Amino acid sequence: MAEHLCSVRVDGCSREVDPAIHPTLAEALRDACGVTAVKIGCAIGECGACSVLLDGRVVAACLVPTALAGEREVITVEGLEDDATTEVLVRCFVERGATQCGFCAPGQLVMARALLDRHPRPTRTEIVAWMSANLCRCTGYEAIIDAVVAAARSTGPDPAPSGAVDVADPW
Amino acid sequence: MRLVRPDDDAAALEQLSHPGWYVVAGGIDLVRRPPTDLCGMVQLTELPGAHDIAYDPDQGLWIGAMVTHQEAGTSERVHEGVDGLQGLFARLGDARVRNQGTVVGNAVSAAPSYAVPPALVALRARLEIVTGAGRRQVDPRTWWEGSLRAETCFVTAVVVPSQPSTRRFRYHRRRLVTRRGPVEVGIAADLPVGPAPGAEPSTIVVAGLTPFPRRLPGLATSPGGDRHSEIAAVIADAFPAASNDPAATYLAATLARWVAQILDGAAASGHEPTEAL
């Protein structure tokens, strides 16, 4: 392998990318790895369309230097675990009309999945706060919030008794 | 573009002495404002203590260069060291920024909209830097103002002095829309808890209106009286504006009201006002 290339595990597959050609992870994922489900909206970390999981934590791929992703695990919306949570999340998005043009949907799904993985039974207020990091120009947001609420109710455990949630670390 | 991860200070310094090499922590600034001569990055992840958060009542709170906002925002040691500081990290930006951005990266940038710099000033924190002479602690303002740039150096930690139980830190973020556009203001406050006679006065630091955070002098030193007039006078002195500039006048008046609310809220109940960040 050439010295300037770095190896990134993308959705379970090892890929070689050149940080000089694709300086950000979002560009590398789309243009070098062909994962076009990762969208580039604002390219300054504001819109959330490029949200991916880096070593299990959600990040804006447009703000991650490709070189820093070397030897790390990247999960895009295409690589989300094929389990009941993902299935319910996608179904709720479809049933509630939470996706229209579809541009923001990959980022919304990655964010929602990251939330449910860390906090299986979030309140609606917590969902609004979490998902507010992702912009959508079609749905008006209510449908997206409704979809995540519905998914959380379908997949999460019974609600914790009042006061039992560690509010210092809701995420 | 190359990336190196030196495992000691000397190796990092040697690499940074070459033109076009820059330190990278979270990497956000490097992507948003890449230097034109960028050819390589030095990541500090392998340096001793880079991922550590340590607290000692005598030494204070020590946050290493690679500690993310997420890690600091959920750290019991941060909570133990400075009441209220954990909340700043836990609510900074959004989850993506907290997962990737580092406390030290935010601290060294001194971008007016960033949250950590005013907190450092309010808490009298220091930056631990590495130069050819070894590690030492400096006032963050010397870093922001550029007086250290003549020599090759980098920042390895933020060091916050222990906070006595009679003090409380709070960070408030406010947004104001004027005819010139939106203004984001960060207000860091180091406040006495309750009416303690002889306590040090409140420290209020305002960021967002000047290139570097500005500390308001002499606030709340005289209990009673017309506090709002006192605050307005201090703000007018700290942020002078032409009297015929309505936007600046409006901003100064609003800032005075925010500061009064912060001081009064702390004095009344000791609870963080609900509109805080």
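Only this structure's heavy atoms are used, side chains among them; waters, hydrogens and symmetry mates stay out. Here is the naming used below: chain letters follow the sequence lines, and residue numbers restart at 1 for every chain. Given the structure is predicted, the values throughout are model-derived calculations rather than measurements.
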If you compare all heavy atoms of [X] against all heavy atoms of [Y], which two are closest, and at what distance to 0.1 Å?
{"X": "B:G27", "Y": "A:P65", "answer": "O-CG, 3.8 Å"}
{"X": "B:Q100", "Y": "A:A60", "answer": "OE1-O, 4.0 Å"}
{"X": "B:R5", "Y": "A:L68", "answer": "NH2-O, 4.4 Å"}
{"X": "B:V31", "Y": "A:C62", "answer": "CG1-O, 3.2 Å"}

For A:T123, all residues meeting side chain to side chain contact (heavy atoms under 4.5 Å, CB included), sequence neighbours excluded: A:T125, A:E126
Non-neighbouring partners of B:V23 that pass side chain to side chain contact (heavy atoms under 4.5 Å, CB included), sequence neighbours left out: B:L16, B:L44, B:F154
Option that, when pairs with chain B are counted at under 4.5 Å, heavy atom only, ranks first among A:I21, A:V58, A:T24, A:V64: A:V58
Between A:T66, A:N134, A:D18, the one whose heavy-atom pairs under 4.5 Å with chain B are most numerous: A:N134
From CG (A:L63) to CG (B:L30), nearest 0.5 Å: 11.5 Å
Gap separating the CZ atom of B:R96 from the CE atom of A:M111, nearest 0.5 angstrom: 4.5 Å
Which atoms of B:V24 approach chain A - backbone, side chain, both or neither, heavy atom under 4.5 Å: side chain
Which atoms of B:L3 approach chain A - backbone, side chain, both or neither, heavy atom under 4.5 Å: side chain
Residues, nucleotides or ligands: over 12 heavy atoms within 6.0 Å of A:R124 CZ: yes
Neighbours of chain B found in residues 42-55 of chain A - heavy atoms under 4.5 Å: A:I44, A:G45, A:E46, A:C47, A:G48, A:S51
Sequence neighbours excluded - salt bridge (Lys or Arg N to Asp or Glu O under 4.0 Å) pairs with any residue from residues 21-50 of chain B: B:D29-B:R33
